[in-house]
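Worksheet for the structure shown next.
Residue numbering restarts at 1 for every chain, and letters A, B, ... go by the order of the sequence lines.
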Protein chains: 2
Amino acid sequence: MTEYILLGFLMEKDMTGYDMKQHMSMSTSYFVDASFGSIYPSLKRLNNKGFVALKETIENGKLKKTYSINEQGKVEFLKWLSSPIMVSRTDISSALEKIFFFRYLPHEQSIFLIEQCIHDIDRYKNSLLELKNKVDHEADPFGLCTLDFGIDCYDFAMHWCEEYLINKMR
Amino acid sequence: MTEYILLGFLMEKDMTGYDMKQHMSMSTSYFVDASFGSIYPSLKRLNNKGFVALKETIENGKLKKTYSINEQGKVEFLKWLSSPIMVSRTDISSALEKIFFFRYLPHEQSIFLIEQCIHDIDRYKNSLLELKNKVDHEADPFGLCTLDFGIDCYDFAMHWCEEYLINKMR
DNA sequence: TCAAACATGTAACACGTTACATGATTTG
DNA sequence: CAAATCATGTAACGTGTTACATGTTTGA
């Protein structure tokens with residue numbers, strides 16, 4: 001959800017669409033890196049929904065649209081941020097979209113959401129372990145390898161959340 | 001690319017669209033798990049392109065369309081499989097799409113592609129390390145955390161390819 | 001008998017990318 | 001003076017999902 005990322009950026013300071021693209025490449029690019037063809041229409045939608053205000057200025061002969069988040073936008077952003085992290089089975093790094101903005105959430109709530117996330121990942125891991133048991137004898141080596149990758153990857157993510165993130169927070 | 005996954009399944013045996021969905025949930029579901037709304041149109045396209053043949057039968061009163069891959073389809077699949085793995089910066093597990101089918105490739109070629117893939121991931125990792133140096137002083141803790149996740153995740157993937165995959169293959 | 005599994009398919013929608021279109025200013 | 005950077009935007013396309021539509025057979 002590009003729109004929420006942009007809203008999150010505006011929590012820090014006012015920006016133009018161009019600024020946001022720069023900012024993205026310096027911060028979220030590992031897990032979200034939207035193109036201008038996605039940023040500008042998103043900004044327009046955020047404006048239509050009444051979550052942001054924009055100020056048009058002309059600087060060095062160039063039209064500049066500076067966006068700022070309003071009260072309604074902040075409420076919407078915080079509502080999104082404090083709702084459960086939906087970890088995708090096929091892409092754990094999707095969880096970072098929210099974790100990235102956890103400075104805007106009370107510590108205890110962040111920890112609660114991360115613990116919930118760890119639990120979800122653990123369920124994914126267990127379903128893969130079950131699958132592995134079922135399939136162990138028949139599957140070809142590469143099929144088994146990719147299964148193992150999944151299991152190890154879930155382990156890595158849980159370990160990272162537990163040992164690195166939560167320990168760092170307390 | 002769902003179409004290539006389906007083509008890959010047909011390398012093993014003839015199947016219906018329904019079979020492929022089952023097969024997916026038992027094998028590739030960790031990194032690819034397409035819905036029927038994606039599988040059936042893909043199968044139609046593969047047929048239009050002349051990569052598969054289909055045989056319609058009626059079994060227990062139900063229409064059944066059994067697909068099989070033809071020579072042209074095999075050529076296309078192997079062409080895809082032997083081309084460089086395009087690892088996404090935001091989703092390393094996308095590499096599994098090809099690795100899963102590496103039993104259809106000569107060992108040396110698989111190893112070459114994996115080594116190339118490791119190299120690409122290493123470049124991603126280095127760009128994140130550079131970014132971290134640039135940003136280390138100013139960024140907030142969670143921003144730094146997600147950066148670290150990226151770096152660690154690339155490390156995990158490379159380590160897995162190197163130590164687990166390639167070692168297992170020799 | 002009723003739900004689950006078998007079996008196929010379409011239409012609307014979501015969300016993103018690439019390429020195109022435009023044009024000023026700054027820097028080598 | 002040419003290229004990069006600043007700055008905004010649209011249109012076509014790609015690729016997937018969810019929900020709907022339809023119907024049979026099998027098992028509890």
Side-chain angles (χ1 to χ4, degrees), chain A residues 1-7 9-10 14-26 28-49 52 54-68 80 86-91 93-94 97, chain B residues 1-7 9-10 14-26 28-49 52 54-68 80 86-91 93-94 97:
Chain A
M1 282 266 94
T2 308
E3 282 177 43
Y4 286 107
I5 306 290
L6 300 181
L7 226 38
F9 284 168
L10 293 177
D14 296 357
M15 285 186 197
T16 68
Y18 194 87
D19 292 336
M20 295 194 201
K21 176 78 180 143
Q22 308 286 96
H23 198 249
M24 231 176 226
S25 71
M26 295 292 280
T28 67
S29 61
Y30 165 64
F31 52 95
V32 172
D33 198 8
S35 62
F36 284 122
S38 170
I39 290 173
Y40 287 120
S42 290
L43 250 17
K44 187 168 266 182
R45 277 193 300 273
L46 285 172
N47 191 43
N48 290 150
K49 288 175 189 167
V52 298
L54 83 148
K55 196 173 49 186
E56 294 188 46
T57 52
I58 293 174
E59 217 163 280
N60 304 322
K62 281 168 282 179
L63 176 72
K64 222 172 157 175
K65 292 186 174 183
T66 306
Y67 291 84
S68 53
W80 168 76
M86 298 295 201
V87 234
S88 150
R89 192 156 84 292
T90 54
D91 178 20
S93 68
S94 60
E97 283 166 38
Chain B
M1 282 267 95
T2 307
E3 281 176 44
Y4 287 106
I5 306 290
L6 300 180
L7 225 39
F9 284 168
L10 292 177
D14 295 357
M15 287 186 195
T16 68
Y18 193 87
D19 292 336
M20 294 193 202
K21 175 80 179 141
Q22 308 285 96
H23 198 249
M24 233 177 224
S25 71
M26 296 293 280
T28 67
S29 60
Y30 164 64
F31 52 95
V32 173
D33 198 8
S35 63
F36 284 123
S38 169
I39 291 172
Y40 286 121
S42 289
L43 250 16
K44 187 168 267 183
R45 278 194 298 274
L46 285 172
N47 191 43
N48 289 149
K49 288 175 189 166
V52 297
L54 82 149
K55 197 173 47 184
E56 294 187 46
T57 52
I58 292 173
E59 216 164 280
N60 304 322
K62 280 167 283 177
L63 176 71
K64 222 173 159 175
K65 292 185 172 183
T66 306
Y67 290 85
S68 53
W80 168 77
M86 298 296 201
V87 234
S88 149
R89 192 157 81 293
T90 55
D91 179 20
S93 67
S94 61
E97 282 166 37

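Comparing S35(A) and K44(B) by the nucleotide of DNA chain C whose heavy atom lies nearest to each, the residue mapping closer to the 5' end is K44(B). In terms of position along DNA chain C, the nucleotide closest to K65(B) lies nearer the 5' end than the nucleotide closest to the other residue of the pair K65(B) and S42(A).
Here the side chains of L6(B) and M15(B) are not in contact, with every heavy-atom distance at 4.5 Å or above. Counting heavy atoms from C-beta on, the side chains of M1(A) and V32(A) never come closer than 4.5 Å. The closest side-chain heavy-atom distance from Y18(B) to K64(B) is not below 4.5 Å. Looking only at side-chain heavy atoms (C-beta outward), E97(A) and Y4(A) stay at 4.5 Å or farther from each other.
The CD-P distance, from E3(A) to dA14(C), rounds to 11 Å in whole Å. Regarding D33(A), its CG atom lies at a distance of 14 Å from the C1' atom of dT18(C), rounded to whole Å. The distance from atom CZ of F31(A) to atom C1' of dG16(C) is 17 Å, rounded to the nearest whole Å.
Taking the charged nitrogens against the carboxylate oxygens, K55(A) and D14(A) have no contact shorter than 4.0 Å, which rules out a salt bridge.
S88(B) pairs by the side-chain contact (heavy atoms from CB on, under 4.5 Å) definition with T90(B), D91(B), S94(B), not counting sequence neighbours. Applying the side-chain contact (heavy atoms from CB on, under 4.5 Å) test to L54(A) and every residue at least two apart in sequence or in another chain returns N47(A), E56(A), K65(A), Y67(A). Qualifying side chain to side chain donor-acceptor pair (under 3.5 Å) partners for Y40(A), counting only residues two or more places apart in sequence or in other chains: none.
Distance alone, capped at 3.5 Å, places no donor-acceptor pair between the T28(B) side chain and the F31(B) backbone. The backbone N or O of M26(B) sits nowhere less than 3.5 Å from a side-chain atom of S29(B) that would complete a donor-acceptor pair. Remark: side-chain polar atoms of S42(B) are paired, donor with acceptor, to backbone N or O of S38(B) under 3.5 angstrom.
One finds a side-chain N or O of T2(A) lying less than 4.0 angstrom from the OP1 or OP2 phosphate oxygen of dG16(C).
Along DNA chain D, read 5' to 3', the first and last nucleotides having any atom under 4.0 Å from a heavy atom of chain A are dT5(D) to dT10(D).
Non-hydrogen atoms lying under 4.0 Å from DNA chain D are contributed by K62(A), L63(A), K64(A), all within residues 56-64 of chain A. Of the residues in residues 14-21 of chain B, those placing a heavy atom less than 4.0 Å from an atom of DNA chain C are T16(B), G17(B), Y18(B), in numerical order.
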